[in-house]
Q: 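For reference, the structure I am asking about is given below.
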Amino acid sequence: MNKKLQDALNKQLNEELYASYLYLSMSAWCQSQGLNGIAHWMQLQSQEEYGHAMRIFNYINDRNGKVILAEIKAPAVDWDSVKNVIKDTCKHEAKVTAAINELMNLAISEKDHASVGFLNWFVTEQVEEEATAGDILDKLELAGNSPGALFMIDRLLGSRPAAPAENE
């Protein structure tokens, strides 16, 4: 793998670690608001993002590259509403999708077929990530200011099962 692609993958690795940190912060905020189901969903989302980071970490190492961990900036810690938490989730996932697309463009331009194959998983994953966050936001929009509807959404998100650990 060339240095240009290695540097870009390291940048994405660190972005995935930031995403894990961000979702953990969102989980803490939701829990402080008594939204334990949404907090649970966010905590699992944090673990999933950490798994994405480790997938990139292992790939760089498998390609005899050098993993470079950068400082992770502190995420936000307060939101005005759970709807704003989910809006920030949607914005963040759109940002990650754009970054993955840029990585894919770089891998294609560098004719690094192994990286193209590797990144295909992330392209597909981002479709799911954006759709899921968008679906939650749609539910919150429909709920409006109804405490009962928010209770049901919290309960629904609290039923999210933990994903099996990624071994890649």
Side-chain angles (χ1 to χ4, degrees), residues 7-59 67-105 119 121-166 168:
D7 290 348
L9 285 166
N10 271 306
K11 182 178 180 204
Q12 189 61 37
L13 163 62
N14 284 285
E15 289 297 326
E16 297 291 343
L17 290 171
Y18 170 76
S20 177
Y21 210 33
L22 174 63
Y23 291 134
L24 197 56
S25 183
M26 289 173 167
S27 176
W29 183 86
C30 289
Q31 193 156 12
S32 76
Q33 303 300 304
L35 297 167
N36 295 334
I38 299 170
H40 167 79
W41 190 92
M42 287 293 179
Q43 192 169 21
L44 292 179
Q45 194 64 23
S46 173
Q47 292 170 10
E48 186 175 306
E49 298 301 334
Y50 180 79
H52 296 171
M54 291 309 299
R55 188 180 280 256
I56 297 169
F57 178 95
N58 291 332
Y59 180 75
V67 171
I68 300 170
L69 298 175
E71 183 176 347
I72 301 171
K73 69 180 179 174
V77 296
D78 285 310
W79 287 266
D80 294 334
S81 67
V82 70
K83 191 183 298 184
N84 285 337
V85 169
I86 301 303
K87 283 181 180 180
D88 283 357
T89 299
C90 290
K91 287 178 199 170
H92 182 76
E93 290 302 337
K95 179 182 169 191
V96 172
T97 297
I100 294 296
N101 289 341
E102 285 302 311
L103 264 174
M104 179 63 90
N105 290 339
L119 291 169
W121 182 90
F122 285 91
V123 170
T124 301
E125 177 69 6
Q126 281 310 118
V127 171
E128 177 195 330
E129 297 281 4
E130 285 196 60
T132 300
D135 183 55
I136 295 168
L137 183 58
D138 290 346
K139 284 176 176 46
L140 287 169
E141 294 285 351
L142 284 171
N145 293 323
S146 168
L150 180 57
F151 173 80
M152 294 303 292
I153 293 167
D154 186 60
R155 188 171 166 189
L156 173 69
L157 295 181
S159 69
R160 177 183 180 181
E166 292 193 33
E168 298 183 26

Q: Any chance you could measure Tyr59, atom OH, to Trp121, atom CH2, to the nearest 0.5 Å?
A: 14.5 Å
Q: What are the two closest non-hydrogen atoms of Ser20 and Ser46, and how far apart are they?
A: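 Taking every non-hydrogen atom into account, O-OG, 2.7 Å.
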Q: Answer yes or no: is there a side-chain heavy-atom contact under 4.5 Å between Asn84 and Asp88?
A: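 Heavy-atom side-chain distance check fails, nothing below 4.5 Å.
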Q: Could you state the interatomic distance from CG (Leu103) to CG (Leu9), rounded to the nearest 0.5 Å?
A: 5.5 Å
Q: Any side-chain heavy atom of Leu44 sitting closer than 4.5 Å to one from Tyr23?
A: no
Q: Is any side-chain heavy atom of His52 closer than 4.5 Å to a side-chain heavy atom of Glu129?
A: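 Counting from C-beta outward, His52 and Glu129 do come under 4.5 Å.
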Q: Just so I know, are the side chains of Met26 and His92 near enough to count as touching, which here means a heavy-atom distance under 4.5 Å?
A: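 No, their side chains stay 4.5 Å or more apart.
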Q: Salt-bridged, Lys139 to Asp135, with N to O below 4.0 Å?
A: yes
Q: For Glu16 and Gln12, which I'm curious about, is there any donor-acceptor pair between the side chains at under 3.5 Å?
A: yes
Q: Look up atom CG in Leu119 and atom CG in Asn105, then write down how far apart they are to the nearest 0.5 Å.
A: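 Atom-to-atom, Leu119:CG and Asn105:CG are 10.0 Å apart.
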Q: Could you tell me which non-hydrogen atom of Ala143 sits nearest to which non-hydrogen atom of Ala149, and how far apart they are?
A: CB-CB, 3.4 Å
Q: With rounding to the nearest 0.5 angstrom, report the CG to CD1 distance, Leu17 to Ile56.
A: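 These two atoms lie 8.5 Å from each other.
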Q: So do Leu69 and Leu13 actually touch side chain to side chain, heavy atoms under 4.5 Å?
A: yes
Q: So do Glu48 and Glu125 actually touch side chain to side chain, heavy atoms under 4.5 Å?
A: yes
Q: Return the minimal non-hydrogen interatomic distance between Val77 and Ser25, and the atom names on each side.
A: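 For Val77 and Ser25, the tightest heavy-atom pair comes out as CA-OG, 3.6 Å.
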Q: Does NZ belonging to Lys11 count more than 12 external heavy atoms closer than 6.0 Å?
A: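 No, the 6.0 Å shell around NZ holds no more than 12 heavy atoms from other groups.
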Q: Can you tell me how far NZ of Lys87 sits from CG of Asp80, rounded to the nearest 0.5 angstrom?
A: 10.5 Å
Q: Please test Met42 against Val85 for side-chain contact (heavy atoms from CB on, under 4.5 Å), starting from the C-alpha separation and ending with a verdict.
A: CA-CA 10 Å; Met42 287 293 179; Val85 169; 3.6 Å; yes
Q: In residues 29-41, what donor-acceptor pairs under 3.5 Å come from side-chain atoms, sequence neighbours left out?
A:
from, atom 1, to, atom 2, distance (Å)
Trp29, NE1, Trp79, O, 3.4
Ser32, OG, Trp29, O, 2.6
His40, NE2, Arg160, O, 2.7

Q: So, the side chain of Asp154 versus the backbone of Leu150: is there a donor-acceptor pair under 3.5 Å, distance only?
A: no
Q: Determine the minimum heavy-atom distance between Ile86 and Leu140, stating which atoms define it.
A: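 The answer is CG1-CD1, 3.5 Å.
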Q: What's the spacing between Gln45 CD and Thr89 OG1 if we round to 0.5 Å?
A: 7.5 Å
Q: In terms of side-chain heavy atoms, does Glu130 have a donor or acceptor partner in Gln126 at a distance below 3.5 Å?
A: no
Q: Identify the two heavy atoms, one from Tyr21 and one from Lys73, that lie closest to each other, and give their separation to 0.1 Å.
A: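 Reported closest heavy-atom pair: CD2-O, 3.7 Å.
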